[in-house]
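Let me begin by presenting the structure, written as structure tokens, before commenting on it.
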There are 2 protein chains.
Amino acid sequence: MNSGDRPRRPTVSDVAAEAGVSRGTVSRYLNGGHWVSPEAEAAVAAAIRKTGYRINPHARSLATQRTNSVAFLLTESFERLFEDPNFARLMRGTSAALAERDVSLVFILAGSDAERRRARDFITQGHVDGVLLVSSHAGEPGLIEEIHRAGVPVIACGIPLGFERKLGWVAADDTTGAREMTAHLRSLGRTRIATIAGPRDTSGGIQRLTGFREELGEAFDADLVEHGDYSRRSGRAAMAALLERAPDIDAVFAANDLMAAGALAELAERGITVPGRIAVGGFDDAAVAVETTPALTTMRQPFDRISQEMVRLLLEVIAGEKPARMTLPTDLVVRDSA
Amino acid sequence: MNSGDRPRRPTVSDVAAEAGVSRGTVSRYLNGGHWVSPEAEAAVAAAIRKTGYRINPHARSLATQRTNSVAFLLTESFERLFEDPNFARLMRGTSAALAERDVSLVFILAGSDAERRRARDFITQGHVDGVLLVSSHAGEPGLIEEIHRAGVPVIACGIPLGFERKLGWVAADDTTGAREMTAHLRSLGRTRIATIAGPRDTSGGIQRLTGFREELGEAFDADLVEHGDYSRRSGRAAMAALLERAPDIDAVFAANDLMAAGALAELAERGITVPGRIAVGGFDDAAVAVETTPALTTMRQPFDRISQEMVRLLLEVIAGEKPARMTLPTDLVVRDSA
DNA sequence: CTGAAAGCGCTTACAG
DNA sequence: CTGAAAGCGCTTACAG
């Protein structure tokens with residue numbers, strides 16, 4: 001630490017001396033209080049109060065081989081982090097779930113190669129007990145591979161392409177969700193349904209497109225598919241492209257709400273009514289869904305549940321169990337756009 | 001860690017044995033390579049490669065009493081973090097500056113009481129060598145006090161109200177910046193200049209208002225002051241209130257760009273031309289400044305410089321020096337709104 | 001330049 | 001229920 005004149009921090013030995021017990025007893029008190037008599041317990045508690053003792057996490061980690069902290073690893077850029085609200089929801093959800101169990105969360109952003117290298121070093125060095133892997137893109141197989149090979153427990157958010165069998169994960173049922181939205185659009189009498197799909201290197205992007213295609217069956221028209229990168233801007237561009245190509249479309253399923261919002265902006269600019277002439281459906285039920293005009297009809301992803309399960313599964317793996325996989329259902333939320 | 005069948009991680013002893021040197025030599029190699037012969041160096045390097053040795057950070061921290069990591073402590077809610085882009089810029093800037101010196105950053109959000117308690121425990125327990133304190137509000141004197149009392153080095157971003165003498169900090173020259181913007185507005189011939197001030201419990205809010213008042217001198221009219229909380233919405237509401245109270249204002253200085261953007265939205269809705277009838281000036285030069293219509297004239301805060309200096313000063317304090325304070329100038333950026 | 005040894009502050013069988 | 005002792009994996013004077 002800093003200034004040399006800072007008094008030495010009290011240790012278990014100081015507490016033990018003060019309480020008139022052994023260090024072992026103090027340690028037992030610190031770790032749940034099992035096998036310590038009421039008298040000893042009281043004495044130790046008083047001694048801790050009196051000395052102002054604080055446990056030294058490094059000494060403890062060295063002895064236990066545990067850090068009691070996990071990493072939230074986001075392989076995205078700063079820009080994406082702040083643009084896509086889903087990340088914030090996952091951060092908040094996992095952070096809360098972890099707090100309840102008293103394990104701390106260290107947040108790691110690895111958008112560039114240099115950052116990925118540092119993240120790999122940090123994680124494989126043993127700074128954390130496990131990692132919550134959050135990133136839509138399949139990218140960084142190298143990073144994930146190295147973390148996995150180092151034996152560090154990992155639970156991914158969404159299906160980690162290329163690692164679906166090796167890692168545990170919890171994902172929303174994208175295929176079924178996409179089918180449900182598509183069916184909803186058809187139930188409205190729409191027949192020329194287009195989709196603004198997500199990135200091809202994300203499981204969500206792939207599966208939502210699959211669900212869309214499956215539900216449409218014979219009615220599926222490859223010309224009515226345009227890909228975006230989940231950003232608002234890309235949704236707007238995709239909508240424009242779709243309109244040029246097929247002016248007769250009467251509905252659009254966007255693979256996330258941000259792109260749906262972009263599409264809505266493009267339609268508004270062109271004076272095309274929603275849902276009058278074109279119905280629009282999104283995915284996520286992000287905050288933006290209620291801020292657009294008209295408000296978005298969308299598929300709700302259970303982010304809180306996803307966060308909780310990720311934490312639960314990760315803690316299980318850390319405790320020595322084999323990694324589990326979990327798929328959670330989504331819900332149709334009907335608002336005004338479709 | 002987890003599965004009991006994971007092979008034991010190699011230690012310095014393994015490397016030493018492999019290289020045919022002592023553990024001390026391996027350690028010296030690991031810490032800069034001073035006082036180790038070229039032969040020993042080569043042998044150790046080879047042994048590390050062969051064994052796949054990774055340093056154990058906890059053992060090292062226990063021995064050195066250093067963690068080689070610092071905290072980025074943000075006493076704001078998740079909502080604010082994602083709404084105010086300044087936080088993201090500071091995160092990125094400090095993160096980059098720290099990466100260069102190979103110290104890691106642990107990000108801590110302490111918006112609620114429970115989170116503040118956890119943050120305090122984490123920090124005073126010795127998980128990090130120091131903290132970069134980022135939060136506009138004076139709030140949490142308790143948290144700051146306890147961290148300070150525990151002897152943990154702290155450098156604040158902006159002047160930490162109540163701790164301006166105790167902690168080191170680096171701040172933009174808010175008073176001068178506000179004066180400059182106000183002078184710019186007057187130079188445009190505006191005479192009824194209002195301000196949407198920042199929160200009263202932030203040094204930025206206070207000082208930008210002070211600069212505004214000082215520059216106006218006799219012309220200052222307390223009726224033309226409305227306070228916001230730095231959010232876009234509050235800027236819009238403040239603009240509306242100002243207009244109700246004084247329909248004749250011909251210029252507005254908003255204490256940050258987000259509020260300026262809110263004000264612009266309100267003016268647009270009322271069909272009031274900018275800068276035609278009312279000129280609008282902001283503060284920050286955030287990304288939003290070039291996205292509004294018209295583009296915002298604003299005071300640029302040197303966030304990159306602020307980030308770098310914060311890191312430099314914190315590392316100094318950690319190294320044992322007394323905390324320094326630093327005020328950085330801002331620059332007028334003239335665009336279209338004033 | 002190098003090695004032996006002590007020390008950093010905990011935890012955890014083990015014996016009692 | 002409790003204490004003595006070993007061990008976790010490094011670093012750092014110290015002596016050579």
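Note that these values count all heavy atoms, side chains included, but never hydrogens, waters or copies made by symmetry. Residue numbering restarts at 1 for every chain, and letters A, B, ... go by the order of the sequence lines.
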Minimal heavy-atom distance between F78(B) and A88(A), with the atoms involved, is CE2-O, 3.8 Å
Sorted by chain and number, sequence neighbours left out, side-chain hydrogen bond (donor to acceptor under 3.5 Å, both in side chains) with N56(B) holds for none
Taken in chain and number order and not counting sequence neighbours, the residues that satisfy salt bridge (charged side-chain N to carboxylate O under 4.0 Å, His left out) with R23(A) are none
Per side-chain hydrogen bond (donor to acceptor under 3.5 Å, both in side chains), R60(A) is matched among N68(A), T67(A), N31(A) by N31(A)
Salt bridge (Lys or Arg N to Asp or Glu O under 4.0 Å) pairs touching residues 36-56 of chain A, sequence neighbours excluded, are E18(A)-K50(A), R54(A)-D121(B)
Note: contacts of residues 43-54 of chain A with DNA chain D (heavy atom, under 4.0 Å) are none
All heavy atoms of P160(A) vs all of W169(A), minimum pair found to be CD-CD1, 3.2 Å
Sorted by chain and number, sequence neighbours left out, side chain to side chain contact (heavy atoms under 4.5 Å, CB included) with R28(A) holds for T25(A), W35(A), V36(A)
Within residues 17-26 of chain A, those residues having any heavy atom closer than 4.0 Å to DNA chain D are V21(A), S22(A), R23(A), T25(A)
Sorted by chain and number, sequence neighbours left out, side-chain hydrogen bond (donor to acceptor under 3.5 Å, both in side chains) with T94(A) holds for none
Encoded 5' to 3' (Watson-Crick or G-U under 3.5 Å; [ ] crossing; | other strand), DNA chain C becomes |||.||||||||.|||
TODO: Take atom P in dA13(C) and the same atom in dG9(C), then report the distance between them in whole Å.
DONE: 23 Å
Contacts satisfying salt bridge (Lys or Arg N to Asp or Glu O under 4.0 Å) that involve residues 307-318 of chain B (not counting sequence neighbours) are R305(B)-E309(B), E309(B)-R312(B), R312(B)-E316(B)
Residues at least two apart in sequence or cross-chain that pass side chain to side chain contact (heavy atoms under 4.5 Å, CB included) with R118(A), listed by chain then number, are A99(B), D102(B), S104(B)
Distance col, row I147(A):CD1 vs L73(A):CG, nearest 0.5 angstrom, shows 5.5 Å
field: Gap in Å between the two C1' atoms, one belonging to dT12(C) and one to dG16(C), rounded
entry: 16 Å
Contact span of DNA chain D against chain B, any nucleotide atom under 4.0 Å from a heavy atom, 5' to 3', runs dG9(D) to dA13(D)
Item checked: R101(B) atom CZ, over 12 foreign heavy atoms within 6.0 Å -> yes
- Message: Any base atoms under 4.0 Å from S37(A), or only sugar-phosphate, or nothing? Heavy atoms, all strands.
- Response: sugar-phosphate
For residues 154-164 of chain B, the salt bridge (Lys or Arg N to Asp or Glu O under 4.0 Å) pairs (sequence neighbours left out) are none
